[in-house]
Amino acid sequence: MGIFKLYADIARHLHRNPHLLQTAKLEELCTVYVPYAYVGNRRSLKDFLERNITYLPQERFPEALREASNREKVLWWIGGNSYFTDSGAFPDFVLAWQGTGAIGDGALLELKDSTGQGIASFNSTLPTARKRLSSLSSMVREMISRVDQGPDERDCFYLIRTMRNSPIHVRLSLVHGAFFETLPTPEVLKSLWRAVFNQAQVPPTLQEEILLYLSSLERSEIAQTRSIPKASIKPRLRIMSEIHSEGNPQLYPEILPTSFHLIVKPPEGNASIEWLVREFAKEEVKLVKAADNKVLLDGMKLECFSLYHKRNGVHVGVRYSISSSSPEGE
């Protein structure tokens, strides 16, 4: 399945446990969904992996591990001799591809948590709408390949929480990367290099020739650690990014406090409730249309909305407002 089922599973979980909107770690909220093709190196996910090892294709385990313990199988899957060390590699999760045809099937998922209104900075990648699995680190690629035989290029989604310390202002959103990628990444990097050249007072006649070569580099190539002859250090360039206020969905009036949102950039001309209902249905999640832009998910009321991105046009989404009267506990 994919992003629409992930959203539905987390919404159901928050309906039963409203306090978790603020108190749970984001990766813990994600564990209400399976299967994943990749789970990032987080100590907090050790038990989740052991519990859900049966979701991995058993035929992919070496013969010697067929009767091994869940712990041994997990260690083989992650390619290590010990449990997680919070490595910080991108992404945090990769949903297993299942060929549903829905946006976000087999998506890359990154988590961003912050105490303020701003989104936590992106240290390991530039946020994009889609990314190739082949551009990820070798550790991540190897783990995915043991489970997932889907396409190389995938949608990117970001689970974002802001104001997490405030029980009345906390916001949670599952956002398509198209919300952040209002310019193609190569164009952004080219403009970045040009700004550096201008600051260094490189003559314009030289800039264009150099930019022709630099703009062909991927961010991962730029960030490689390099050995320098006779140097006792191995330097590397690190391109980080912060989100402009107009690119921060959490600051738009449609994104309400104490609510969980899904925000998607639809295909041209498909910004409708009917389109959203069809996308959920592709992942066996049934939404029932009700009055006034409302839909029902297992009796829970969700509100459909449109959001006009000031730099990237219309997005659509659904909102589940967390009720303080919802029951706690499973």
Side-chain angles (χ1 to χ4, degrees), residues 1-11 33 91 93-95 97-110 112 119 126-132 150-160 171-185 187 243-244 246-256 259-297 300-321:
M1 299 300 175
I3 286 296
F4 292 93
K5 184 176 183 297
L6 172 68
Y7 176 83
D9 286 352
I10 294 177
Y33 170 92
F93 293 87
V94 175
L95 283 64
W97 180 82
Q98 296 185 322
T100 65
I103 289 177
D105 183 19
L108 281 62
L109 179 64
E110 182 80 349
K112 291 293 172 185
I119 297 174
L126 299 180
T128 57
R130 295 177 66 81
K131 189 178 286 290
R132 297 189 312 275
D152 186 38
E153 189 173 63
R154 307 290 179 93
D155 288 301
C156 296
F157 277 78
Y158 301 84
L159 184 63
I160 295 167
R171 291 164 168 82
L172 182 65
S173 299
L174 184 58
V175 186
H176 194 282
F179 203 92
F180 307 114
E181 192 182 12
T182 55
L183 285 175
T185 296
E187 189 173 334
I243 300 301
H244 190 282
E246 292 184 357
N248 181 352
Q250 307 292 76
L251 299 179
Y252 281 71
E254 293 84 357
I255 305 306
L256 303 182
S259 298
F260 177 39
H261 312 80
L262 172 66
I263 305 171
V264 180
K265 177 73 170 177
E268 197 69 33
N270 280 328
S272 67
I273 294 178
E274 289 76 14
W275 176 80
L276 275 172
V277 170
R278 288 195 300 271
E279 290 297 299
F280 274 96
K282 290 176 183 178
E283 299 189 357
E284 300 176 7
V285 178
K286 184 178 181 180
L287 298 184
V288 179
K289 288 184 62 178
D292 301 324
N293 293 329
K294 301 288 196 309
V295 293
L296 300 179
L297 170 65
M300 301 161 46
K301 288 184 179 179
L302 278 62
E303 185 170 5
C304 300
F305 62 91
S306 294
L307 185 158
Y308 184 77
H309 190 307
K310 298 172 183 176
R311 301 186 178 196
N312 203 19
V314 175
H315 288 64
V316 296
V318 293
R319 175 193 308 114
Y320 174 60
S321 295

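When reading the values below, keep in mind they use all heavy atoms of this one structure, side chains included, and skip hydrogens, waters and symmetry mates.
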Set out, in order, the CA-CA distance, both residues' side-chain angles and the distance that settles side chain to side chain contact (heavy atoms under 4.5 Å, CB included) for L287 and I273, then state yes or no.
CA-CA 10 Å; L287 298 184; I273 294 178; over 6 Å; no
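- A donor-acceptor contact under 3.5 angstrom links the side chains of S173 and Q250, judged on distance only.
- Nearest heavy-atom pair, E274 versus K289, reported as atom, atom and distance to 0.1 Å: OE2-NZ, 2.5 Å.
- Taking the six-membered ring wherever Trp is involved, the centroid distance between the rings of Y7 and F157 does not fall below 6.0 Å.
- Taking NZ of K265 as the start and CZ of F180 as the end, the distance is 14.0 Å to the nearest 0.5 Å.
- For F280 and F4, the distance between ring centers is under 6.0 angstrom.
- The shortest non-hydrogen separation linking L126 to Y158 is O-OH, 4.4 Å.
- Nearest heavy atom pair, residue G2 against residue L95, reads C-CD2, 3.4 Å.
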Steps toward side chain to side chain contact (heavy atoms under 4.5 Å, CB included) verdict (L174, H261)
CA-CA 6 Å; L174 184 58; H261 312 80; over 6 Å; no
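- Here the straight-line distance linking atom CZ of R319 with atom SG of C304 works out to 9.5 Å at 0.5 Å rounding.
- Residue I3 comes nearest to A107 through the heavy atom pair CG1-CB, 3.8 Å, listed as atom of the first residue, atom of the second, then distance.
- Summarising the geometry, atom CG belonging to L172 is positioned 11.0 Å from atom CG belonging to L262; distances are rounded to the nearest 0.5 Å.
- Counting non-hydrogen atoms of other residues, nucleotides and ligands closer than 6.0 Å to CD of E284 gives a total of 12 or fewer.
- Between the CG atom in L159 and the NZ atom in K112 there is a gap of 11.5 Å [rounded to 0.5 Å].
- Note that NZ of K5 is 12.0 Å distant from CG of D105, once rounded to the nearest 0.5 Å.
- With ring centers used as reference points, Y33 lies 6.0 Å or more from F93.
- K310 has no carboxylate O lying under 4.0 Å from a charged side-chain N of E246, or vice versa, which leaves the two without a salt bridge.
- Counting only heavy atoms from C-beta outward, the side chains of P249 and I119 approach each other to under 4.5 Å.
- Shown here for A11 and F260, the closest heavy-atom pair between the two residues is N-CE2, 3.8 Å.
- Counting only heavy atoms from C-beta outward, the side chains of K301 and L296 approach each other to under 4.5 Å.
- No side-chain heavy atom of I160 sits less than 4.5 Å from a side-chain heavy atom of N248.
- Here the shortest heavy-atom pairing between L297 and K286 reads CD1-O, 4.0 Å.
- In this structure the side chain of P267 reaches within 4.5 angstrom of the side chain of W275, judged on heavy atoms.
- The NE2 atom of H176 lies 12.0 Å from the CD1 atom of I263; values are rounded to the nearest 0.5 Å.
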Working for side chain to side chain contact (heavy atoms under 4.5 Å, CB included), residues R130 and E181:
CA-CA 9 Å; R130 295 177 66 81; E181 192 182 12; over 6 Å; no
Evaluation steps, ring pair (Phe, Tyr, Trp, His ring centres under 6.0 Å), between Y252 and F305:
CA-CA 12 Å; Y252 281 71; F305 62 91; over 10 Å; no
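- Side-chain atoms of H309 do not come within 3.5 Å of backbone N or O of H315 as any donor-acceptor pair.
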